[in-house]
Every structure is written in C-alpha cells, then in structure tokens.
Amino acid sequence: MSYSGFRLIKEALRGHSGWKPAWRNPEPQPGYDFVIVGGGGHGLATAHYLAKVYRKSRIAVLEKGWIGGGNVGRNTTIIRSNYLLAGNEPFYELSLQLWEGLEQDLNYNAMVSQRGVMNLFHSDAQRDAARRRGNGMILHGSDAELLDTDGVRREAPFLNFNNARFPIKGALMHRRGGTVRHDAVAWGYARSADRHGVDIIQNCEVTGFRIENNKVLGVETSRGYISAGKIGVAVAGSSGRVMSQAGMRLPIESHVLQAFVSEGLKPVLPGVITFGAGHFYVSQSDKGGLVFGGDIDGYNTYAQRGNLPVVEDVCEGGMALMPMIGRTRLLRMWGGVMDMSMDGSPIIDRTQIDGLYFNGGWCYGGFKATPASGRVFAHLLATDTPHETATAYRFDRFEKGLMIDEKGVGAQPNLH
Amino acid sequence: MIIPHPILGPRDAQEFVYLGDASLLNRPDWQAEDASSAFHDYQYQRNNPAGVHRELWFHEQGDRSWLVVTRDTTTHEILKAELARDVALAGETAK
C-alpha cells in the first residue's frame, strides 16, 4: 500500500479502517542468500538498498529485540555533511544527498528538515580551522558558510556572546544539515525493505556463527539455525559481543553517550547549534523539546545509562551557551551504547572469514550516516568491492597507519 | 560510580581518569619476531566484554596511583579495586 495525500483523505473518510501493518512478521526460512544481523537503521537500510538498488533477493534482517530499538531510537536526530578529510566527506555527502531524496525513495514521511547546523568558534585559530573545513566541504560538493559574530547574532540572538572563556567569534554554517524524525527512518526503511521482499525477523537473537574452513555457512539464532550465503553484521554498540562469536577482536570499545530532552517549549531554536568548546550541542524537536547532549561518559559499558557527572557537565555547557534555558525543566534522559573505534571513524569491510562482513565503529555519529552506510554496505555485500566513497573504512588501516583521524579521538585518548 | 580505593577507601569515579582494558599492563616484547603485529593487537584490539571487565583507572585528582578495577559493564557494579602495581608485580595475566 502506497502512502499519499489521496490515500490519507480516503482513509479519513472510511474511519481509518483500511490501514495495513507497515511490514510483515514472517517466520524465518531455513536459508537466505543474504542475512543482515541487526535491525537498526543501518541494517534495515542495507536490506533496502540490497533489494532495491542491487536487485538482490532472499534477504533477511535478524533483530534480537524489536526493530529500531537501539541507537536509531536513542539519538539526537542530527544529519550533516561537514567533515574535513577526504576519507570521510564524500561518504557523508552521499549520505546527505540520500537524506534529501529519502522520503520519495521510501514513500514514507521521515520529517527530513534541513534547518541548518551551526558550529560555533571562539578564537582566531578556531576560525582558521573552520574556514579550512568549510573549504574542504565545498570542494567535496557540500555547502558551507563562514559567519562572523553578527552573522551568528542574526541566526541566534539569544546566545551568550560575551562568555569570558569562550566568546562567540563566529560559526561555520552548514545550511543543508538539519534533523530527521529518527524512528521514522527505521520504520520507513523497514517498510520499504519489506515491500521489496526482505524478511524482517524480530525477536531473533544471533547466538553464534557456523564457520567451516574459514567460510561462514550460517548463523545460530534463538529461533534456530539459518544458513546464509553472505552475512553482514551491523549491530553498533553490540559489535564486540556479536563478532566475538566469530572469534574476532575489534578495534572498538563500547561506551555510553547520554542525551536529554527538555519539556516542550515554543519554537525558539532556528536549527542545530554546536558548542564544541563547551561540550554541548542542541536542537529543538518539532514537538518543542530541546534535544541536547554532550560527551561520552568515558568508560566501557553496555548499560544504556550513564552517570550524573556528565549530566552536570552537559547542563553547565548549556547554561554557558544559552542562559535562557536556566528555567527549563529536563523531561527525559537516556544513554545509548556507542561502538567507539580507535580513531573515531567507522569500519565497513570484509572480515578475514569468507562471507562475513562488518559494519560498525560509528562512535556517536552513526545516525547521520544511516542512508550511506546502508548503501555502501549493500554495495560491499553485493559486489565484494568497497563503494567508491568508503574505500578508507578498512580494518587494516590501523596496521598500516592509515587512520582517519578526523578529530583524532576514538575511545582514547580521553579527549572528549 | 564509587571506586573502593585499596588505600584511600571509597572515592568518586570523577576523581579518576579511565584508560581501558587492564591487558594494557602486558606490553609485548619489542624485540620479538612478531613485535609489529603484537603491538598492533596491543594498541588497537580489544575484548570489549559485556560483563566482568578488568580495567585501568588513574587517580589523577587523588594519590595519582593506577588501579586495576574489576567492574561489570552491564550494571556498573564494581567488584574489586587493586593497585595496578601489585597486579603487575604479581605477574598476573590481566585479561
């Protein structure tokens, strides 16, 4: 069933009695050509592009809980393509272009809103770095605009421009960046994948891999053995757990990142504002809540919750930047498990086991990458060659000294 | 989180800086034949377990001692804290 304005009017007149479930709930088949482990944004996007762009069939997505219940449901919904390095920016620009056409591609309203992302700077050195980054972005086909203090004041007059430690000297403005309704991304990809014949199997936990002669034959799951031609693992924070079942160690530590939503307010923020120096970034959801966050807690954890010192640190950053939020009450806070790679950049690559592919190490930046991650992972699974925008995301980059040190920070060296 | 420091008693985890897996105590032999791959594994590869994890914490805002803390990464419960010096001298293989 396609969604459209016409359909909406028709259903409104029929008392909304004709809506069908957005995806099937099939029993697992004994075998598939492609098995995607992980029914989050990246896994579902991979299945969608495998079926739709690469015309593959016999695809299953295995999810241990319900789809979209991991980090795609626990993030701060920001999309952007404002990276500097050649190994990164083409990939994130592809992602932003896919976001721009996502709703038509999926026939699903994901509320993609390009309301702009503004990275503040506070010194001459930071201005130079922002200018360089902006030039890098423009050279890769993205957009960037350097704002001076007055330019920032026009966008966001309510900021504290005269903070003694970090006075606002300007910002790098990325107008095509913005926010997306995060759950709708998972649901939209799931629905589209399902319509292209993908089996989405929920409550099906992978408990082991069957490997013979260094070739993967299938997965053991809580719902029985499923054989597979190729297996793609896209499980974010659970990467270490799942890949250890295949005997692999990864250059990844799992950490927790906390995020926060305030009570609903009238529209006050024009877009996304990041205050890197103060470890704080914020946007406003369409429901009115301020959505904000800061740094990871900084220790290994799978607990999906953090500790209070980071809450205090984030709120202090918020108060330093926007004193007007002082009377706002915090509504909710939560933690998501981040697969922190050692250089802060992702891995999308074959493993040393034939037929087993890995997509992870997203750190706290996986959401914006969802469409491109799915697209290039599908490309890798379908063709066995890396997509042209993802050639740098290899396992062996640590051995070869080819780290993608966009910020120079992964799990270490404690620079968050 | 409160870390039971073996000398100073219970201390807030905020006083500490976290380094990671306690296997970092076992630095590979730089003269070995396979030193290059051993150092790659030492530097970058992690077990990253969900459950009991032995890890290094540095008491930066305290007595500046290194501790090996045994902690459950699924609950944040701290099971044990030892001086890293004792662990290293005892020659325990930190896993």
Side-chain angles (χ1 to χ4, degrees), chain A residues 64 235-245 247-256 295-313 335 337-345 347 360-361 395-403 410-416, chain B residues 1-3 10-28 34-62 64 66-81 94-95:
Chain A
K64 75 173 173 185
V235 295
S238 297
S239 293
R241 252 200 286 207
V242 172
M243 295 308 279
S244 71
Q245 293 167 356
M248 283 185 69
R249 297 172 83 214
L250 302 173
I252 287 174
E253 286 179 4
S254 290
H255 286 243
V256 65
D295 282 337
I296 56 173
D297 271 36
Y299 44 82
N300 284 50
T301 173
Y302 286 86
Q304 288 194 320
R305 60 184 166 77
N307 276 295
L308 291 172
V310 170
V311 180
E312 185 178 21
D313 184 60
V337 181
M338 307 287 121
D339 36 339
M340 299 298 297
S341 68
M342 289 296 160
D343 61 354
S345 298
I347 296 162
F395 270 114
D396 63 5
R397 68 176 187 262
F398 299 97
E399 223 167 305
K400 295 183 170 170
L402 300 173
M403 271 80 83
Q412 293 292 330
N414 286 323
L415 290 177
H416 295 283
Chain B
M1 291 186 292
I2 305 288
I3 294 177
R11 309 299 307 179
D12 193 320
Q14 273 310 97
E15 298 174 3
F16 293 78
V17 173
Y18 179 81
L19 184 66
D21 198 313
S23 66
L24 291 169
L25 286 171
N26 306 328
R27 191 179 287 263
D34 64 345
S36 168
S37 76
F39 267 98
H40 164 262
D41 290 356
Y42 171 81
Q43 178 84 335
Y44 298 112
Q45 304 288 68
R46 295 289 187 273
N47 286 337
N48 197 21
V52 175
H53 188 221
R54 299 186 77 208
E55 53 203 20
L56 290 165
W57 293 74
F58 176 53
H59 200 191
E60 189 185 38
Q61 293 173 55
R64 303 187 74 77
W66 281 95
L67 302 187
V68 173
V69 176
T70 307
R71 193 176 57 95
D72 189 328
T73 59
T74 58
T75 62
H76 296 166
E77 184 189 3
I78 293 175
L79 306 166
K80 195 161 67 165
K95 285 238 169 82

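Reminder, nothing fancy here: chain letters follow the sequence lines and each chain counts from 1.
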What pairs meet the salt bridge (charged side-chain N to carboxylate O under 4.0 Å, His left out) rule with one or both residues in residues 37-51 of chain B, with sequence neighbours excluded?
A/Glu253-B/Arg46
What distance do B/Thr73 atom OG1 and A/Tyr302 atom OH have between them, rounded to the nearest 0.5 Å?
6.5 Å
Flag the one option from A/Met248, A/Arg305, A/Arg241 with the top tally of heavy-atom pairs under 4.5 Å to chain B.
A/Arg305
When the 4.5 angstrom heavy-atom criterion is applied to A/Leu250 and chain B, the contacting part is backbone
Tell me the closest heavy-atom pair linking B/Asn47 and A/Arg249, and the distance in Å.
OD1-NE, 2.8 Å
Highest number of heavy-atom pairs under 4.5 Å with chain B among A/Ser341, A/Ala303, A/Gly240, A/Ser244 belongs to A/Ala303
Minimal non-hydrogen separation, B/Asn48 against A/Asn300, with atom names:
OD1-ND2, 3.4 Å
If you round to the nearest 0.5 Å, how far is OG1 of A/Thr301 from CG of B/Asp72?
9.0 Å
Pairwise distance OH(A/Tyr299) to CE(B/Met1) - rounded to 0.5 angstrom
4.0 Å
Quick one, A/Phe398 and B/Gln45 - any side-chain contact, counting heavy atoms below 4.5 Å?
no
I'd like to verify something: which residue of B/Gln43, B/Glu55, B/His76 has the highest number of heavy-atom pairs under 4.5 Å with chain A?
B/His76
